[in-house]
Structure formats: C-alpha cells, structure tokens
Amino acid sequence: MILMHDIRFERVHPTDLTTLQTLAATTFEHAFAVYNTPEDMQQYMAEAFSTQRIKAELSHPEMVYYFARVGEVLAGYIKLNEFSAQTDLKDPESLELERIYVTADFQNQGIGKYLLEKSIELAREGGKKFLWLGVWDQNHGAIRFYQRHGFTKFATHDFYLGKDRQTDFLMRIDT
C-alpha cells in the first residue's frame, strides 16, 4: 500500500495534453477492452480521447483534470465537471466525477481511494452538496468500491461505447 504522503496530486494543464491522452486511452483500454468488441472500443476511444476533444476539455472552464503521481510516475487521474459540463444533472450544487482511473501498475494500492477522497474534498471545498458519478452496471468491482466509500445509486442512464448501448448506474455521496 502506498502512503498518502507519497502521492502527488496535481492539476493537468494544456501542456500535458499528450500525457493525459496516452494515460486516458491506456487506462480505459485496460479496464474495458476485454468486455467490449474491438470495433466499439476503437470507435469510442477515437472520439473520447482525440486530440481535439482533450484539448477542448483542458481549456473548458467547467472541466478539470488532475493527475496522481507516485514519485515521477503517473499512477492515475480524475476528471471533474461542474455546471453545464456535467454529462447529466447539470446541477449547480453538484460536482460530477466523470473519470477516475488508476494505471495497472498501481491497482489495489490505495490510489483509487486517494483520488476518490480528493474528489469529495474538492466538491466540499467548492460548496457542492454532493459528488456524483456514472459507473457501468456490469462493473461490479467499481460499484462495490463506490458503495464502500458511501456512494448510493440514485438513477441510471444510457452510455454508448461505440454502437453498444450500455447502462450506467448514477451514484452519489453527500458532501
């Protein structure tokens, strides 16, 4: 287990575009390739992690990314959305945790917990009443992880991975 003081939490800047793009694509592929067709994965990743899209997100005033580093090594990242940048609720009293990913080398070492706690802390500091996220209904490990940390399901929504319509549980925690 990595100690919390060994983790560096830093905001991602536009100059980090290529690093973020690589990290996002690698962690997403590692998490979901085995459960989806290569065609759906390729289509989703080409859109979600395109240079144009990531560049626009990094300059969007209501979206922010953060890296977690252990030493100089990237261990994971999060993406947070406020207001109109949220994928569903667009509730000014909430913060959306759209992405939380940990690299394969740092799985099960407390990085995910650290990133989740940082997200809750940022929501609280921003005066938000709750933090929410969407998680694939087939991602049982992630659902258990969020439940262990106090999140509860409050709705569902459709999520398209390529042409495959999937269902996400929407989960929240009051801050």
Side-chain angles (χ1 to χ4, degrees), residues 1-34 36 40-90 92 94-128 131-136 139 142 145-146 149 159-162 168 173 175:
M1 183 75 70
I2 293 172
L3 300 175
M4 295 306 126
H5 68 270
D6 292 333
I7 304 170
R8 195 168 77 237
F9 186 70
E10 60 188 44
R11 186 168 179 159
V12 177
H13 299 285
T15 55
D16 299 314
L17 170 69
T18 305
T19 302
L20 174 62
Q21 206 173 9
T22 302
L23 178 64
T26 301
T27 55
F28 188 85
E29 186 171 33
H30 180 263
F32 298 111
V34 69
N36 295 281
D40 285 332
M41 286 292 293
Q42 182 178 358
Q43 181 181 343
Y44 177 82
M45 291 176 61
E47 294 167 9
F49 307 126
S50 72
T51 300
Q52 181 179 352
R53 182 159 179 182
I54 298 292
K55 188 175 186 179
E57 290 178 352
L58 285 171
S59 65
H60 195 294
E62 296 174 349
M63 294 179 175
V64 64
Y65 283 91
Y66 290 93
F67 286 142
R69 292 184 188 270
V70 176
E72 293 304 311
V73 180
L74 279 173
Y77 79 100
I78 57 173
K79 178 186 179 197
L80 300 168
N81 299 325
E82 286 190 279
F83 310 115
S84 66
Q86 294 184 23
T87 58
D88 274 285
L89 301 185
K90 305 190 188 329
S94 73
L95 184 64
E96 176 189 18
L97 175 57
E98 184 181 355
R99 294 194 188 132
I100 178 171
Y101 287 94
V102 175
T103 64
D105 290 344
F106 287 98
Q107 293 283 322
N108 301 309
Q109 295 184 47
I111 304 293
K113 177 183 176 189
Y114 174 85
L115 287 170
L116 191 60
E117 289 172 353
K118 282 298 212 181
S119 300
I120 294 167
E121 181 182 315
L122 288 168
R124 192 175 296 124
E125 288 173 0
K128 306 301 182 186
L131 177 72
W132 71 276
L133 54 84
V135 58
W136 186 30
N139 192 344
F145 172 77
Y146 298 129
H149 291 91
F159 176 85
Y160 283 87
L161 194 129
D168 278 359
I173 187 169
T175 56

Identify every side-chain donor-acceptor pair in residues 20-27 under 3.5 Å, counting partners at least two apart or on other chains, and give the distances.
from: Q21; atom 1: NE2; to: F49; atom 2: O; distance (Å): 2.8
from: Q21; atom 1: NE2; to: T51; atom 2: OG1; distance (Å): 2.9
from: T22; atom 1: OG1; to: T18; atom 2: O; distance (Å): 3.0
from: T26; atom 1: OG1; to: T22; atom 2: O; distance (Å): 2.7
from: T27; atom 1: OG1; to: L23; atom 2: O; distance (Å): 2.8
from: T27; atom 1: OG1; to: A24; atom 2: O; distance (Å): 3.3

request  = Could you please spell out the steps behind the side-chain contact (heavy atoms from CB on, under 4.5 Å) verdict for K79 and V64?
outcome  = CA-CA 6 Å; K79 178 186 179 197; V64 64; over 6 Å; no

request  = Report yes or no: do Q86 and N81 form a side-chain donor-acceptor pair below 3.5 Å?
outcome  = no

ask   = Measuring from Y146:OH to I173:CD1, what's the distance to the nearest 0.5 Å?
value = 12.0 Å

Closest contact, heavy atoms only, S119 versus L131 = CB-CD2, 3.7 Å

inquiry  = As an exercise, state the distance from CD1 of I120 to CG of L122, rounded to the nearest 0.5 Å.
reply    = 10.5 Å

inquiry  = Is there a side-chain contact (heavy atoms from CB on, under 4.5 Å) between I100 and Y77? Walk through the geometry before answering.
reply    = CA-CA 6 Å; I100 178 171; Y77 79 100; over 6 Å; no

task = Not counting sequence neighbours, list each pair that qualifies as a side-chain hydrogen bond (donor to acceptor under 3.5 Å, both in side chains) and has a residue in residues 59-71.
result = E10-R69, E57-Y65, E62-S84, Y65-R99

inquiry  = So, taking the atom named CD in E47 and the one named OH in Y160, what distance separates them when rounded to the nearest 0.5 Å?
reply    = 13.0 Å

query = Salt bridge check: are K118 and E121 linked by an N-O gap of less than 4.0 Å?
reply = yes

ask   = Does any pair with a residue in residues 17-33 pass salt bridge (charged side-chain N to carboxylate O under 4.0 Å, His left out), and if so which ones, sequence neighbours excluded?
value = none

inquiry  = Quick check for you: to the nearest 0.5 Å, what is the distance between Y114 atom OH and E117 atom CD?
reply    = 9.5 Å

task = Return the minimal non-hydrogen interatomic distance between A85 and M63, and the atom names on each side.
result = CB-CG, 3.8 Å

query = Can you check whether H13's main-chain N or O pairs, donor with acceptor, with D16's side chain at less than 3.5 Å?
reply = yes

request  = Tell me, yes or no, whether the heavy-atom count around E125 atom CD, taken from other residues, nucleotides or ligands under 6.0 Å, exceeds 12.
outcome  = yes

Shortest non-hydrogen contact between H30 and A104, atoms and distance = NE2-CB, 3.6 Å

query = Can F145 and V135 be said to form a side-chain contact (heavy atoms from CB on, under 4.5 Å), step by step?
reply = CA-CA 11 Å; F145 172 77; V135 58; over 6 Å; no

ask   = Which heavy-atom pair separates L58 from P14 by the least distance, and what is that distance?
value = CD1-CA, 4.0 Å

request  = Nearest 0.5 Å please: distance from the CD1 atom of I111 over to the CG atom of D6.
outcome  = 9.0 Å

message = Whether the T87 and E96 side chains hold a donor-acceptor pair (N or O, under 3.5 Å, no angle test) is what I'd like checked.
response = yes

ask   = Closest approach of A68 and I7, non-hydrogen atoms and distance?
value = CB-CG2, 4.0 Å

message = Determine whether L97 and L116 satisfy the following criterion, side-chain contact (heavy atoms from CB on, under 4.5 Å), listing intermediate values before the conclusion.
response = CA-CA 9 Å; L97 175 57; L116 191 60; 3.7 Å; yes

key: Ring center gap for F9 and F67 short of 6.0 angstrom   = no

remark   = On a heavy-atom basis, the closest approach of A31 and Y101 is CB-CE2, 4.2 Å

ask   = Is atom NZ of K55 surrounded by more than 12 heavy atoms (other residues, nucleotides or ligands) closer than 6.0 Å?
value = no

ask   = Could you state the interatomic distance from CG (L133) to CG (L80), rounded to the nearest 0.5 Å?
value = 10.5 Å

inquiry  = When you measure from the side chain of N36 to the backbone of F32, do you find a donor-acceptor pair of N or O atoms at a distance under 3.5 Å?
reply    = yes

inquiry  = Are L161 and W136 packed together at the side-chain level, in the sense that at least one heavy-atom pair is separated by less than 4.5 angstrom?
reply    = no

